[in-house]
Amino acid sequence: MPVEFLGIAATADGTETAARTTAAFDRDYTLRLARAHEDNGWDRVLFAYGSGAPDPAPAAAFLASRLDTLQILLAHRPNVSYPTFAAKTFATLDRISEGRLTVHFITGGNDHEQQREGDFLTKDERYERTREYIGIVKKAWTSREPFDHEGAHYRFNDFVADVFPVQQPRPGVSFGGSSAAAYAVGGAEADVYGLWGEPLARTAEQIERVKEAARAAGRDDAPRIQVAFRPIIAPTEELAWEKAHRTVAAIRARREGGELIRGGRKAGAASPEIVAPENAGSQRLLEIAEAGERYDRALWTPTAAATGGAGNSNALVGTPETVAQALLDYYDLGVDILSARGYHLVDDAIDFGRYVIPIVREEVAKRDAVKAAAEAARTEQAERDRHQLIAAQA
């Protein structure tokens with residue numbers, strides 16, 4: 001199956017290593033970064049969600065109306081709107097983008113961050129709500145007849161939309177998480193399941209957990225798997241590792257200067273300790289970092305340790321060839337959507353697109369050709385065996 005690449009659709013230029021120099025939503029920067037992806041071989045970009053950040057839905061509509069092929073992964077938290085309203089928003093955006101939308105539903109892994117927007121449910125209650133929410137959105141996308149709903153979190157009567165997605169039967173649903181509750185919801189509802197980059201063995205374990213959850217939900221398929229990394233590439237291995245150490249030094253300097261937000265509150269210069277994360281994914285990243293700095297071909301954990309396991313934060317370090325081969329190791333595990341985001345967003349999107357993506361695509365095409373040839377040979381042999389059996393019985 002062809003591999004896909006997911007980048008980031010940031011609306012400003014700040015990262016963990018450098019303070020923002022633009023407005024929180026800068027039209028020119030947003031478009032320039034997106035074009036860097038579209039022009040350099042990426043398939044889609046993620047519009048992330050934060051309680052105080054620009055609303056990702058109109059930002060995504062802005063890009064969709066100006067770009068031709070780049071697909072959109074829109075992050076959405078169920079606590080911020082009613083599901084029928086959200087379904088209409090998504091359907092309208094799918095219309096604007098001419099069928100290029102996937103929605104990534106975020107349950108929320110930090111109580112303080114959720115409470116900033118009035119969400120005081122427990123983590124288990126949030127997962128319960130998310131599953132109900134996704135089910136309503138799916139039905140609103142596909143039902144041409146009015147329907148009622150009465151559940152644990154939502155109740156309404158006689159709803160029917162007047163706007164439907166371009167994609168049929170509906171846009172894709174993306175989900176992520178590393179807890180038992182996350183596996184259960186995503187295994188049941190998701191078309192794509194997103195993981196943060198971990199060592200190969202641990203990633204394989206998580207993929208199996210997702211498949212088990214899909215089977216438990218009665219599915220005869222499983223979500224496609226997406227894994228996210230922070231690539232740090234350079235023309236030589238030595239230069240790549242020098243760049244990696246500079247990157248971690250910059251992250252630590254910003255944290256110690258009180259510029260990074262972690263664990264739902266700001267770390268001050270006098271107390272730069274990282275607050276222990278509440279979500280299972282970040283806890284896993286810190287556990288991996290504590291156990292070692294380097295794993296497999298190119299996975300490097302100090303970037304995750306420096307941020308307190310914040311989000312997608314494990315790096316892949318090396319030349320474009322090394323990083324491409326590392327990504328292929330994950331593809332061979334069953335990962336077919338590779339998410340990558342650098343620390344200098346525009347330049348890194350261009351470099352990764354020019355020097356890493358072509359290698360991965362070429363190698364995946366070779367693998368797929370070998371698989372197709374093997375399958376054709378098996379089919380041909382089975383047909384010969386069938387004819388021999390018929391002849392023997394004649």
Side-chain angles (χ1 to χ4, degrees), residues 5-81 86 89-90 92-98 100-106 108-110 113-114 116-117 171 174 176 194 196 226 228-231 250-251 254 259-262 264 266 307 310-313 339-353:
F5 289 91
L6 168 69
I8 190 70
T11 61
D13 64 352
T15 70
E16 297 93 330
T17 61
R20 189 177 78 204
T21 66
T22 64
F25 178 73
D26 184 294
R27 285 166 50 100
D28 293 341
Y29 181 84
T30 301
L31 186 57
R32 182 159 63 97
L33 177 59
R35 281 181 172 151
H37 285 85
E38 184 171 77
D39 293 345
N40 289 281
W42 299 77
D43 297 285
R44 59 174 56 84
V45 288
L46 165 67
F47 279 89
Y49 188 92
S51 60
D55 186 350
F62 166 71
L63 278 193
S65 66
R66 286 160 174 78
L67 299 178
D68 298 321
T69 61
L70 195 66
Q71 298 175 55
I72 294 163
L73 178 59
L74 179 71
H76 179 78
R77 285 184 186 164
N79 63 293
V80 299
S81 71
T89 299
F90 304 147
T92 303
L93 182 52
D94 198 55
R95 287 278 160 188
I96 292 171
S97 67
E98 299 182 306
R100 288 180 277 153
L101 176 69
T102 299
V103 182
H104 180 66
F105 290 90
I106 302 173
N110 180 276
E113 169 70 2
Q114 295 299 122
R116 283 171 165 162
E117 294 188 289
S174 172
W196 291 334
Q226 170 187 300
F229 303 95
R230 305 299 292 272
I251 294 171
R254 292 203 69 207
E259 297 181 59
L260 294 184
I261 303 295
R262 293 294 169 258
K266 200 168 187 176
T307 63
N312 165 28
S313 50
S339 175
R341 171 165 54 101
Y343 292 94
H344 300 278
L345 298 180
V346 174
D347 291 344
D348 287 348
I350 293 170
D351 287 347
F352 188 88

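Position 1 is the first residue of the sequence; numbering continues from there.
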(request) Under the side-chain contact (heavy atoms from CB on, under 4.5 Å) rule, what do L6 and L46 come out as? Steps first, then yes or no, please. (result) CA-CA 7 Å; L6 168 69; L46 165 67; 4.0 Å; yes
(request) Give a yes or no on this: more than 12 heavy atoms of other residues, nucleotides or ligands lie within 6.0 Å of atom CD of E98. (result)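 No, not enclosed.
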So do [Y] and [X] actually touch side chain to side chain, heavy atoms under 4.5 Å?
| X | Y | answer |
| --- | --- | --- |
| D55 | F25 | no |
| Q226 | H104 | no |
| L73 | S174 | yes |
| H344 | T15 | no |
| I251 | T307 | yes |

[X] to [Y] - nearest heavy-atom pair and separation:
| X | Y | answer |
| --- | --- | --- |
| A60 | I72 | O-CD1, 3.6 Å |
| S97 | A64 | CB-CB, 3.6 Å |
| A59 | T11 | CB-CG2, 4.2 Å |
| A36 | I350 | CB-CG1, 3.8 Å |
| Y343 | D348 | N-OD2, 2.9 Å |
| L345 | A10 | CD1-CB, 3.5 Å |

(message) side-chain contact (heavy atoms from CB on, under 4.5 Å), that's the test. Do I8 and V45 meet it? Break it down for me.
(response) CA-CA 5 Å; I8 190 70; V45 288; over 6 Å; no
Kindly compute the distance separating [atom1] ([X]) from [atom2] ([Y]), expressed to the nearest 0.5 Å.
| X | Y | atom1 | atom2 | answer |
| --- | --- | --- | --- | --- |
| Y29 | T21 | OH | OG1 | 8.0 Å |
| F62 | L67 | CZ | CG | 8.5 Å |
| R95 | R100 | CZ | CZ | 14.0 Å |
| R44 | T69 | CZ | OG1 | 11.5 Å |
| D28 | T30 | CG | OG1 | 8.5 Å |
| L31 | R66 | CG | CZ | 7.0 Å |

Tell me if a side-chain donor or acceptor on [X] pairs with a main-chain N or O of [Y] at a distance below 3.5 Å.
| X | Y | answer |
| --- | --- | --- |
| D43 | F5 | yes |
| E113 | S51 | yes |
| E38 | D68 | yes |
| R230 | N312 | yes |

(request) Tell me, with the steps shown, if H37 and L33 meet side-chain contact (heavy atoms from CB on, under 4.5 Å). (result) CA-CA 7 Å; H37 285 85; L33 177 59; 3.6 Å; yes
(message) Could you walk me through whether F352 and N40 satisfy the side-chain contact (heavy atoms from CB on, under 4.5 Å) test, starting with their C-alpha distance in whole Å, then the side-chain angles of each, then the deciding distance to 0.1 Å, before giving a yes or no?
(response) CA-CA 8 Å; F352 188 88; N40 289 281; over 6 Å; no
